[in-house]
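Have a look at the structure below, then the notes.
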Amino acid sequence: MKQTYRILIGIFLLIAIAAGCYFWATGMIDSNYAFRSPLKDTPPAAGEKLGEPSTRRVVIVLVDALRYDTSMNETIMPTLAQLRVQGASAKMHSQPPSFSEPGYSTILTGAWPWLNDGPAFNLDYGEIPTFTQDNLFSAAHRAGITTAISGYYWFEELVPQDTVDLSFYTPGEDRYADEEVMAAAIPWLEENSAQLVLIHLDQVDYAGHHEGGAISIGWQQAANRCDQHLASILASLDLSQDTLIVFSDHGQIDAGGHGGQDPVTLEEPFVMVGAGIVPGEYEDMEMVDIAPTVAALFGANLPASTQGRVLTEMLALDPSVTDTLPAATQAQQTALVTAYAAAISRDVIEMPSGSDVSLYQEALNSLRDSKEFAQRIPRAVVAALFLALVVFWLSKNWRSGAIGWIIGGLVFALLFNYRYALWDGLTYSLSSIIGVTELILYIGITAAAALTVVWLVLFLNKSYFRLSPANAVLKALGLVLTVAFINGLPAVLSFVLNGIKLTWTLPDYLTEFLGLISLIQVLIICGFGLLLTGLSAFFAWLNSRKPRMVAEEAK
């Protein structure tokens with residue numbers, strides 16, 4: 001009877017753990033898609049206009065997914081190389097998630113994805129929220145600047161369309177879509193129809209996803225075609241009066257793909273040339289610096305939620321802007337820190353007069369970190385109690401074979417990660433995900449195969465198939481539960497650091513991704529482990545019948 005209870009409890013635990021992992025994993029993914037900034041309903045108010053413009057117009061060319069190393073290849077992008085010599089350039093850094101929609105939001109609001117209220121993951125057209133925070137186009141419009149966008153149709157949803165005077169949007173992503181984008185934008189440049197123009201070229205990103213990845217011939221050809229488009233744009237400008245800015249929103253891993261925390265996806269080129277620009281190679285900058293820098297060139301207000309700084313070392317600004325910028329920066333940053341503190345229910349950090357942007361950002365990060373730390377403590381206690389319970393269970397079952405189960409769990413982890421990281425060369429980030437279904441199938445097949453190997457080796461080595469069916473089931477349940485525990489540890493770590501799902505801020509994407517694939521592994525381990533448990537009983541039963549059959553034949 002005792003054996004029966006233990007078997008029933010083990011089966012119940014496997015079912016419960018599998019169900020918990022399913023709801024946890026789906027909730028984790030869904031919460032990333034649904035994430036909204038704490039400032040969603042309480043955005044800081046826009047400040048005053050800085051002064052007079054330092055340029056006649058600014059043309060922004062966003063080459064989607066262009067990697068920094070590709071941008072530096074003069075044979076692939078000779079026009080960009082020429083612009084880099086003529087103007088100001090720097091390596092730009094962004095923050096995860098390295099998807100396009102959070103990148104666009106960061107570029108235009110000047111705030112990081114955990115604050116700017118843009119999507120954290122790419123949403124389908126029609127589901128994309130319009131900016132709730134002040135942004136470059138809103139600031140330009142308030143300053144009386146005519147604006148235009150030609151590019152992918154996600155911008156139609158993100159940017160408030162009452163701040164866009166001229167527009168062309170396409171659902172296409174390839175070279176032909178870029179030709180349509182250029183056909184719409186060039187007449188605006190030739191006729192000087194707008195003072196702020198955003199031109200979005202998407203074919204490099206398309207090539208990375210569909211034409212062989214970021215080190216393929218298709219990628220290089222796409223980058224070269226974008227460079228030719230740059231030459232056409234340049235021919236329509238007068239750089240003694242106009243300013244041209246070129247950058248990208250993220251990079252891609254070699255295999256194609258982005259979205260995670262991979263360093264190559266978080267480094268982008270940045271080049272400015274023309275009126276109001278001081279040529280030279282500059283130190284690294286942040287993506288959040290784009291919006292306030294363009295606003296300063298126009299003399300418009302600093303976008304109210306910007307976490308970046310005006311790149312004054314690269315600019316020759318009108319004196320009216322130079323005079324007002326320090327006070328305007330301090331007022332904008334103070335309002336932002338105050339609004340964020342109120343939104344997350346923390347005490348406002350008082351800043352000394354004359355503090356620069358970096359100190360205000362340290363204050364913002366401190367507010368965020370303090371709330372995260374307070375929430376992590378109780379989660380750490382829960383995790384510690386869980387770990388202690390499992391260690392106690394393993395110690396109680398040490399003589400029953402727990403050491404073999406632990407070795408099995410470690411071998412499973414070795415086999416799974418050997419195939420994942422070494423055999424298939426996948427990264428531990430969102431960048432390696434082609435699709436949710438594909439990820440589940442990949443992990444499911446790999447985990448099932450690894451668990452089968454571990455189960456067979458252990459049962460054959462320990463002769464567990466010679467036990468009674470009930471005892472074989474108990475050994476199998478012990479193995480499966482231990483393998484699930486060991487390979488579920490990344491999920492426990494993610495729980496402590498990030499919680500079960502996103503609420504008011506974004507997670508650490510490395511530990512969250514490790515937690516996600518851990519949850520899927522554990523789900524498969526528990527589900528497939530039930531099948532192996534049944535097979536253990538069956539083979540033990542067959543083995544127990546052999547002596548009887550031999551005895552009957554002897555009679």
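Annotation: Y420, atom OH; neighbour count of heavy atoms from other residues, nucleotides and ligands within 6.0 Å is above 12. In the displayed structure, E127 atom CD is contacted under 6.0 Å by more than 12 heavy atoms of other residues, nucleotides or ligands. Residue E438 places its CD atom among more than 12 non-hydrogen atoms of other residues, nucleotides or ligands, all under 6.0 Å distant. Remark: L531 CG is packed, more than 12 non-hydrogen atoms of other residues, nucleotides or ligands lying under 6.0 Å away. The number of heavy atoms from other shown groups lying within 6.0 Å of CG (D347) does not exceed 12. At most 12 non-hydrogen atoms from other residues, nucleotides or ligands lie less than 6.0 angstrom from OH of Y176.
Between the side chain of Q261 and the backbone N or O of Y428, at least one donor-acceptor pair lies under 3.5 Å. In this structure a side-chain-to-backbone donor-acceptor pair under 3.5 Å is present from H200 to Y152. With hydrogens and angles disregarded, a donor-acceptor distance shorter than 3.5 Å links the side chain of K371 to the backbone of I344. Side-chain atoms of N397 do not come within 3.5 Å of backbone N or O of L394 as any donor-acceptor pair. Judged purely by atom type and a 3.5 angstrom limit, S518 uses its side chain to pair as donor or acceptor with the backbone of N487. Looking only at distances, no side-chain donor or acceptor of S429 sits under 3.5 Å from a matching main-chain atom of D262. In terms of modelled atom types and a separation under 3.5 Å, the side chain of T446 and the main chain of I443 share no donor-acceptor contact.
Looking only at atom types and distance, the side chain of D124 has no donor-acceptor partner in the side chain of Y33 under 3.5 Å away. For the 3.5 Å distance criterion, the side chains of Y509 and N32 qualify, holding a donor opposite an acceptor. In the model, D64 has a side-chain atom that pairs as donor or acceptor with a side-chain atom of Y104 under 3.5 Å. Judged purely by distance below 3.5 Å, without hydrogens or angles, the side chains of S494 and N498 pair a donor atom with an acceptor atom. At a cut-off of 3.5 Å, with distance as the only test, a side-chain donor of S305 or Q133 sits close to an acceptor on the other residue. In this model, a donor atom of one side chain and an acceptor atom of the other lie less than 3.5 Å apart for D508 and T511.
The residue from F155, Y169, Y153 that alone fulfils the ring-ring contact (aromatic ring centres under 6.0 Å, His included) condition with Y125 is Y153.
Salt bridge status for D117 with R36: present, with a side-chain N to carboxylate O gap under 4.0 Å. Salt bridge status for R225 with D174: absent, with no side-chain N to carboxylate O gap under 4.0 Å.
Between the CG atom of L387 and the CG atom of L489 there is a distance of 6.5 Å, given to the nearest 0.5 Å.
Relative to the ring axis of W24, K501 does not place its NZ or CZ within 45° and under 6.0 Å from the centre.
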